[in-house]
Engineer: 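If you scroll down you'll find the structure; I have some questions about it.
Computed from a predicted model, the values in this text were never measured in an experiment. Protein chains get the first letters and strands the later ones, always in sequence-line order, with residue 1 at the start of each.
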Amino acid sequence: MKSLLPKTYTPADYEEDVYYKWESSGFFNPDNLPGPRKKAFSISLPPPNVTGKLHIGHAVMLAYQDIMIRYHRLKGEKTLWLPGMDHAAIATQSVVEKELNKEGQTRYDLGREKFLERVNKFAEESKAVIRSQIKATGASLDWSREKFTLDKDLSRAVRIAFKTMYDDGLIYRGSRVVNWCPKCQSTLSDDEVEYQETEGKLYYIKYGPITIATTRPETKLGDTGVAVNPKDKRYKDLIGKEIDVNLASPLRSSSSEASHKIKVKVFADRAVDQEFGTGAIGVTPAHSQQDAEWAEKYNLDSIKIINEKGIMTDKAGKYQGLSVLDCREKFVSDLEKAGLIEKVEDYTNNLSICYRCDTPIEPLPSKQWFVAVNKKIPGRNKSLKELAGEVVKKGDIKIIPDRFNKTYFQWMDNLRDWCISRQIWYGHRIPVWYCLMCTDEKNDLTVNIKNNNLGITAEEAIIKRGTSVEPIVSIERPDKCPKCGCKDKNKILQDPDTLDTWFSSALWTFSTLGWPASAKATAGKPQKIGDLKTFHPTSVMETGYDLIFFWVARMIIMSLYLLKEIPFKTVYFHGLVRTKTGAKMSKSKPETCIDPLAMIKKFGTDALRLSMMVGATPGNDVRLFEEKIAGYRNFVNKLWNISRYILSSVESIKRPKIEDLPRLRPLGIVSMPTRHGGELVAERSGQVRSMTLADKWILQEFHQIVESTTKNIEEYKFSPAGEELYEFTWSKLADWYLEIAKIEGDTSTGSTHSKDDILLYILERLLILWHPFCPYVTEVLWDEFKPGELLMIQKWPCVNDQKSAIDNQVKKDFSLIQKIITSIRNTRAENKIDPKKVYSCLIRTKKNMLIEENKAVIEGLAKVRITPKCSGIEIHLNEAEIVLDIKENNELKKNKEKEIVNLKRYIEIQEQKLANQNFTSKAPQEVIRQEKEKLEQARDKLDKLLS
RNA sequence: GGACGCGUAGCUCAGCUGGUUAGAGCGCUUGAUUCACAUUCAAGAGGUCAGAGGUUCGAAUCCUCUCGCGUCCACCA
C-alpha cells in the first residue's frame, strides 16, 4: 500500500487531475469503452446558452445526468452523453448589444456582418468558459462529439427541416397579429410572453351611443368595431349597425386635425362578458390577437396605428410620432376636455411582457413565418399536434413525475400556430430567397426607405413586408430564380429574418447525431446509420420542468415529424433551485444566487452534487444553502476516512500486497457468503473459517444495499438511493461494523477473525456504488486502492437472488446485540458515571450462546465486563435483562416512571385493538400476530419495570 | 377562470400503492476524545403529521371541504 492518505479530504487538490485522467482515458467516448456493450444508453445534454457562465440550475441537471450516465457505463452499457451549447439567439444577441451600448454603439452602427462577427467571437469565448465550468462539475461528457446549434451541419439540418416542412405545407408565411417586443425589435412566440400584474386604469369612453371600457385608450384610435354580448339587451338595437365616432371635441378647435373620426361596426359575440365594464368592447383588430380573430370572423378592417418602435403611425392622426404612453396621456386629456371620458377606475390588469427583457409586448400585424400545428401532415392524416399528443398518451414516452402529463396535454391541446421568424441577426437565417425581378414592387425600391429603421436594407424591407413576392425556399442559396431564370445575385435576396432559437433546439436529439446525413429517406421510416442508429431515440431527456413547452414538447413534435420516431423514451423533470427561504434565484439579484463554482471550490463537487440530489423529489423545487452542502462535505470526508481506515488497517497488520489478497470473485458478481456445512463462511485461498454474527449481518446489509441502490437508480429514485447508501455507509458500516471489526479482527489478541477480506470486499463495491453520486472522491480512493485502475469503467456489482436472501435470524440477533449495547450506553450516560470506567454487567437471556459469541463486542462497545453475578441498575429489554453495577440516581427514576406511564398507555391501546372483533376478523393474520407480539413484549417489559 | 404542487421536530426535507409507540440532516442539550475521521464519537430533548368532516377494524398516507403558501396555463377589452 502506498503512503497514507491525509486525514481530511481536500477536493480542490484532486478534482482537476481526476477529470483530466478521466477525459484523457477516452472512456467518455462510448466507442472506446471496453467489453461488448450491446445495449446503448444515451442522453443529449440540454445545451446551455452561450450567454455567459454556468448557474446552479446547470449544476443540478449535470448532476442528475451524470449519475445516470455513470451508472449505465458501470452497468456495461454503450453509454453516450453528448454535450453541446445553444446559440440562444435573442439572449446572446442582447448581451452583446448591451456591451456595444456601453461603448456608445448600436448593432446598426456595425452592420449585420460586423455585428455577427462580434457575437460569434463572444459566443466562442463563452463556450470555452462554460466548457471548463461543466467539466468542474465532473460531468462525464463525450467532448469529442460536442455540438453547437450554429455548427455547419446543424445549421444545414435546420434548413432541411424548414424546407421539408415548407414542402409539406407545415410552414407558411402569413400576415397576422404577432407578439412584438419593441425593445428586442422582434416577434416572440406565445410561449415567450409572460404576464405581470400591473396597477393601471380602466377608462370609460363615450363611443357615440355606447360607452366602452378600456385599459388602453390609445388603441381606440385604430378601432373598427364594437363587440357586445348577443344576450345583452342594452345594445340589442345597435347590433349590426355601423356608427360614426368622433374621438375628439369638435367644440374647442374647428380644425380637422383636432378631431379623430372613426367608423365602428357593432357586432355580437358570445365571448363578450356582459359584467365587465359596460359590456361593450372597442375592437382594435391590428393590436390584439383576440380582436384580430373577431375581425376575421366579422369582416372588420384593420388599422395599424402603432409601429414596431412603439410609436404612433400616421393613421393615428395628430398623435403620429408620439410614443404609446405619451399618446395615451395626451389622448385621454383630449377626451376629457371633450367630455368623452365618463369615468376612470383603478384596475389591476395582467400586462404581457417579453420574457427576455420584461418590456411590455405590443401586439401588431406583421408578415411572419409560422409552423402550422393543426394542419394534417400529407400522407399521415395527422397534425403535428396530434402526433405529439399521441405518443405520450400511449405511453411511448414516459414522463416523470407523471403529473406533468396533464400539463403537457393541456399545452398541446391549446397550441396555436408557432411564429418562428425573428427580426434579429444572430441565429439561423431563414432559408428563403426572393427574386426582385419577379416582383411587382421592383420599381418601388426607393419607397419607404425612410421608415425602415429595422437595420435591414431597403430591398430586404420591401421583400419582407411586401405582398407579392414569391418566396424561393431552398436548402442552399439558389443560383438562379427558378421562375424567371434571373442569375443576378444582387436581385435574389435572402429573407433577413432568423429562426426562433427553439426551432433548432427542437432538432437537438438527432441533429447532434448526424441527421439528416445519417438517415436515408425512404418511403416509410427513414433508415438510420451510425450514431443515429445506435443512440436514437435517446434514453432519457433530463431537464427542468420550466422547459416542458419551449423545448421538450417541440423536440417531440420535430422528431416524430422528421424521423417518425420519438426523441427520447423517458423524460425526467427536476425541480428548480431556490434559496433557503424558498425565494427564486434570479440573475437580476446576484445575492440570492448560489454560485456552483464557488461551492465547488469551498466544499467540493461531490458535496455539491449530493446536496442537490438527496432530499429532492422529482419535479419539486429544492432549497439549497451552504449548511446543507457542508453536511455532505462531511459525509464525503467520512467516506474518505472509512476507506483510509480500511486500507491502512489492512496494511498495519502486515497484509500482503493488495494484489496478493484472495480475490473473492471477479467484480460484478457478489459471492461472498457461501454455505459450507450449514455455516456461512468466507472463501480464502482454500481456507475456510466461520464468520461472526457481525460479519454475516454487514454482508447481508450490504447485499441489500446493492440491490436497493440498483433498483432505485433504475426507477429514477435518486434521492432514496443516496439516502439509503448514506445510512448504510455511515450508520451501519462505520458506526457499527468498523467498531466491531476493531474488536473482533484484532489478531494481536489471538482472534482468528481477520476482517481484511470482508472489509476490502465491501469497500471495493461500495466505492462503485457511490461513484455515480460522488465521482471524484471515489475515484481518488480507488486509485489508492488499486493504483493504475480507473473506477469509472469497473463493473457495477450485482447480487444473485440466492445470495441476497435475507436471513432474518441474523437480523434479529444482531439487533438484540445492538439494543443491549445501546441500552447500556444510555444508562451510563443518564447516570453520569465515569465514562472511562468498565462496569460489571449481567445479561440474562434465553440466548446465552449469542451473548457468549458476542461477548467481546458487547464488552468493548459498552465498556462493561460480563459477569455471572451482579447487582445494581436493571435494564429491561424485550429479549434480555441487564443488570449494571452502578447506583441509580433520581433522574433515572423519573425516566423510569415516565416509561411506565407510556407503556401502560400503549398496552391499553393494544388491548383495545385486539379486543375489537372487527379488527380480529378483518385484519390480515400477519398483522394480528404482529400486534399480539407487540402487546406481549410491552407487558413483559412493564412487569419487569414494576418488579 | 382552469390545472397542479406544497403545508410533518426550531430550520431544510423524507415517508403518502393505508397496519412501526412517525424518520433523517442541520441546530439544540449532556458527555467523550492520542490509537480512521472534531468535516469525529456516544447519549438525549423536541412533533395532537395545517384544520374540519368522511371511508376503514385501522389514516401522516385514500375521499370531501376549509384555511395558508407557491407554480403553470388561459385571459376581461
Engineer: Do Asp621(A) and Val577(A) have side-chain heavy atoms sitting under 4.5 Å apart?
Structural biologist: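 No, side chains not in contact.
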Engineer: So Trp411(A) and Phe549(A), would you call those rings parallel, tilted or perpendicular, with 30° and 60° as cut-offs?
Structural biologist: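 The arrangement is parallel - the two ring planes meet at less than 30°.
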Engineer: Given that both distances must come in under 3.5 Å, which nucleotide forms a Watson-Crick or G-U wobble pair with C4(B)?
Structural biologist: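 Its partner is G70(B).
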Engineer: Are OP1 or OP2 of A42(B) and a side-chain N or O of Thr822(A) less than 4.0 angstrom apart?
Structural biologist: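 Negative; the distance criterion is not met.
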Engineer: Which one is paired to A24(B), where only Watson-Crick or G-U wobble pairs with both distances under 3.5 angstrom count?
Structural biologist: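 Across any shown strand, A24(B) pairs with U12(B).
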Engineer: Remember a base hit wins even if backbone is also touched, and classify Lys742(A) as base, sugar-phosphate or nothing at under 4.0 Å, heavy atoms.
Structural biologist: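 Base contact - Lys742(A) has a heavy atom under 4.0 Å of at least one base atom.
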Engineer: I'd like to check the side-chain hydrogen bond (donor to acceptor under 3.5 Å, both in side chains) partners of Asp13(A); sequence neighbours left out, ordered by chain and number.
Structural biologist: Thr10(A)
Engineer: Look at the side-chain N and O atoms of Arg403(A) and state whether any lies under 4.0 Å from the OP1 or OP2 oxygen of G5(B).
Structural biologist: no
Engineer: Arg416(A) has an atom CZ; how far is it from atom P of A74(B), in whole Å?
Structural biologist: 8 Å
Engineer: Identify whether any heavy atom of Glu739(A) sits under 4.0 Å from a base atom; if not, whether one sits that close to sugar-phosphate; answer base, sugar-phosphate or nothing.
Structural biologist: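 Touches a base.
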Engineer: Using a strict threshold of under 4.0 Å (side-chain N to carboxylate O), is an ion pair present between Glu744(A) and Lys755(A)?
Structural biologist: yes
Engineer: Just jot down the side-chain hydrogen bond (donor to acceptor under 3.5 Å, both in side chains) partners of Thr284(A), sequence neighbours excluded, or say none.
Structural biologist: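 Applying side-chain hydrogen bond (donor to acceptor under 3.5 Å, both in side chains) to Thr284(A) gives Lys220(A), Asp223(A).
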Engineer: Taking only side-chain nitrogens and oxygens of Arg623(A), does any of them come within less than 4.0 Å of OP1 or OP2 of U12(B)?
Structural biologist: yes
Engineer: Rounded to whole Å, how long is the line connecting atom CZ of Phe404(A) with atom P of C4(B)?
Structural biologist: 12 Å
Engineer: Rounded to the Å, how far apart are Lys717(A) NZ and U17(B) P?
Structural biologist: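 Interatomic distance, NZ of Lys717(A) to P of U17(B): 10 Å.
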Engineer: Under 4.0 Å between any heavy atoms, over every strand shown, what does Tyr347(A) touch: base, sugar-phosphate, or nothing? Just pick one.
Structural biologist: sugar-phosphate
Engineer: Classify Thr617(A) by what it touches in the nucleic acid, base, sugar-phosphate, or nothing, heavy-atom distance under 4.0 Å.
Structural biologist: sugar-phosphate
Engineer: Strictly by Watson-Crick or wobble contacts shorter than 3.5 Å, is anything paired with U40(B), and which nucleotide is it?
Structural biologist: A32(B)
Engineer: Taking any heavy-atom pair under 4.0 Å as a contact, classify Asn916(A): base, sugar-phosphate, or nothing.
Structural biologist: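 It contacts sugar-phosphate atoms only.
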Engineer: What's the gap between G54(B) and A60(B) when it is taken at their P atoms, as a whole Å value?
Structural biologist: 15 Å
Engineer: State the pairing partner of C62(B); accept Watson-Crick or G-U wobble contacts with both distances under 3.5 Å, and report none otherwise.
Structural biologist: G54(B)
Engineer: Output the residues of residues 195-207 of chain A in contact with RNA chain B, where contact means a heavy atom of the residue under 4.0 Å from an atom of the strand; sort by number or write none.
Structural biologist: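 When residues 195-207 of chain A is checked for heavy atoms under 4.0 Å from RNA chain B, the hits, listed by number, are Tyr195(A).
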Engineer: Using the C1' atom as the point on both nucleotides, what is the distance between C13(B) and A3(B), in whole Å?
Structural biologist: 26 Å
Engineer: Mind checking Ala280(A) for me? I need base, sugar-phosphate or nothing, with any heavy atom below 4.0 Å counting as a touch.
Structural biologist: nothing
Engineer: Could you please name the partner base of C49(B), counting Watson-Crick and G-U wobble pairs only when both distances are under 3.5 Å?
Structural biologist: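 No nucleotide pairs with C49(B).
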Engineer: Could you tell me the separation between the CZ atom of Arg644(A) and the P atom of U40(B), rounded to a whole number of Å?
Structural biologist: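 Interatomic distance, CZ of Arg644(A) to P of U40(B): 14 Å.
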Engineer: Provide the distance between the two C1' atoms, one in U12(B) and one in G27(B), to the nearest whole Å.
Structural biologist: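 So the two C1' atoms sit 11 Å from each other.
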Engineer: Do Asn620(A) and Thr617(A) have side-chain N/O donor and acceptor atoms under 3.5 Å apart?
Structural biologist: yes
Engineer: Partner lookup for A77(B), please. Criteria are Watson-Crick or G-U wobble with both distances under 3.5 angstrom; report none if nothing qualifies.
Structural biologist: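 A77(B) is paired with nothing.
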Engineer: So, applying side-chain hydrogen bond (donor to acceptor under 3.5 Å, both in side chains) with Gln910(A), which one of Lys934(A), Lys932(A), Glu931(A) is it?
Structural biologist: Glu931(A)
Engineer: Considering only the P atoms, how many Å lie between G15(B) and U55(B), rounded to the nearest integer?
Structural biologist: 29 Å
Engineer: Select base, sugar-phosphate, or nothing to describe what Thr214(A) touches, counting heavy atoms under 4.0 Å on all strands.
Structural biologist: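 Sugar-phosphate, no base atom in range.
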Engineer: For G68(B) versus A42(B), give the span between their P atoms, rounded off to a whole number of Å.
Structural biologist: 45 Å
Engineer: Among A36(B), C6(B), G19(B), which nucleotide sits nearest the side chain of Val927(A)?
Structural biologist: G19(B)
Engineer: Side chain of Phe919(A): nearest nucleotide among A3(B), C6(B), G19(B)?
Structural biologist: G19(B)
Engineer: Under 4.0 Å between any heavy atoms, over every strand shown, what does Ile642(A) touch: base, sugar-phosphate, or nothing? Just pick one.
Structural biologist: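 Base, at least one base heavy atom under 4.0 Å.
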Engineer: If the condition is side-chain hydrogen bond (donor to acceptor under 3.5 Å, both in side chains), which residues does Glu739(A) pass it with, not counting sequence neighbours?
Structural biologist: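 With sequence neighbours excluded, Glu739(A) shows a side-chain hydrogen bond (donor to acceptor under 3.5 Å, both in side chains) to Lys742(A), given in chain and number order.
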Engineer: Nearest whole Å is fine: how far is C4(B) C1' from Trp411(A) CH2?
Structural biologist: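 Interatomic distance, CH2 of Trp411(A) to C1' of C4(B): 18 Å.
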Engineer: I'd like the C1' distance from G53(B) over to A9(B), given in whole Å.
Structural biologist: 27 Å
Engineer: What is the distance, rounded to the nearest whole Å, between atom CZ of Arg828(A) and atom P of A43(B)?
Structural biologist: 12 Å
Engineer: Base, sugar-phosphate alone, or nothing: which one does Pro924(A) contact when heavy atoms must sit under 4.0 Å apart?
Structural biologist: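 Base contact.
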Engineer: Nearest whole angstrom, please: distance from the P of U20(B) to the CD of Glu933(A).
Structural biologist: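 So the two atoms are 15 Å apart, to the nearest Å.
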Engineer: Taking side-chain hydrogen bond (donor to acceptor under 3.5 Å, both in side chains) as the test, write out the residues that go with Trp294(A), two or more places apart.
Structural biologist: Asp269(A)
Engineer: Give a yes/no answer on whether the side chain of Asn349(A) brings an N or O atom under 4.0 Å of OP1 or OP2 in C76(B).
Structural biologist: no
Engineer: Under 6.0 Å between ring centres, would you say that holds for Phe404(A) and Tyr545(A)?
Structural biologist: yes
Engineer: Does C37(B) have OP1 or OP2 under 4.0 Å away from a side-chain N or O of Lys638(A)?
Structural biologist: no
Engineer: Given Phe635(A), which partner from the list Trp770(A), Trp640(A), Phe603(A) fulfils the ring pair (Phe, Tyr, Trp, His ring centres under 6.0 Å) test?
Structural biologist: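 By the ring pair (Phe, Tyr, Trp, His ring centres under 6.0 Å) criterion, Phe635(A) pairs with just one of Trp770(A), Trp640(A), Phe603(A): Trp770(A).
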Engineer: Any carboxylate oxygen within less than 4.0 angstrom of a Lys/Arg side-chain nitrogen, looking at Arg828(A) and Glu830(A)?
Structural biologist: no
Engineer: Could one point to a donor on the side chain of Asn350(A) or the base of C75(B) with an acceptor on the other under 3.5 Å away?
Structural biologist: yes
Engineer: Base, sugar-phosphate, or nothing: which does Lys922(A) touch, judged by heavy atoms less than 4.0 Å apart?
Structural biologist: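 It contacts base atoms.
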Engineer: Rounded to whole angstrom, note down the C1' distance from A24(B) over to A32(B).
Structural biologist: 24 Å
Engineer: Provide a list of protein-nucleic acid N or O atom pairs under 3.5 angstrom, restricted to nucleotides 21-29 of chain B.
Structural biologist:
unit_1 : atom_1 : unit_2    : atom_2 : d
U21(B) : OP1    : Tyr906(A) : OH     : 2.4

Engineer: Just checking Asp291(A): base, sugar-phosphate only, or nothing, at a heavy-atom cut-off of under 4.0 Å?
Structural biologist: nothing
Engineer: State whether the side chain of Asn641(A) and the backbone N or O of Lys7(A) hold a donor-acceptor pair below 3.5 Å, judged by distance alone.
Structural biologist: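 The answer is yes, because a donor-acceptor pair under 3.5 Å joins these two groups.
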Engineer: If I take atom CD1 in residue Ile281(A) and atom P in nucleotide C76(B), what distance separates them, rounded to the nearest angstrom?
Structural biologist: 9 Å
Engineer: For Gly277(A), which contact category applies under a 4.0 Å heavy-atom criterion: base, sugar-phosphate, or nothing?
Structural biologist: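 Since no nucleic acid heavy atom lies under 4.0 Å of Gly277(A), the category is nothing.
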Engineer: How far, in whole Å, is G47(B) from C4(B) if one measures between their C1' atoms?
Structural biologist: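 Going atom to atom, C1' in each nucleotide, I get 28 Å.
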Engineer: Check Gln937(A), Glu933(A), Lys819(A), Lys941(A) against Asn878(A) for a side-chain hydrogen bond (donor to acceptor under 3.5 Å, both in side chains) and give me the one that passes.
Structural biologist: Gln937(A)
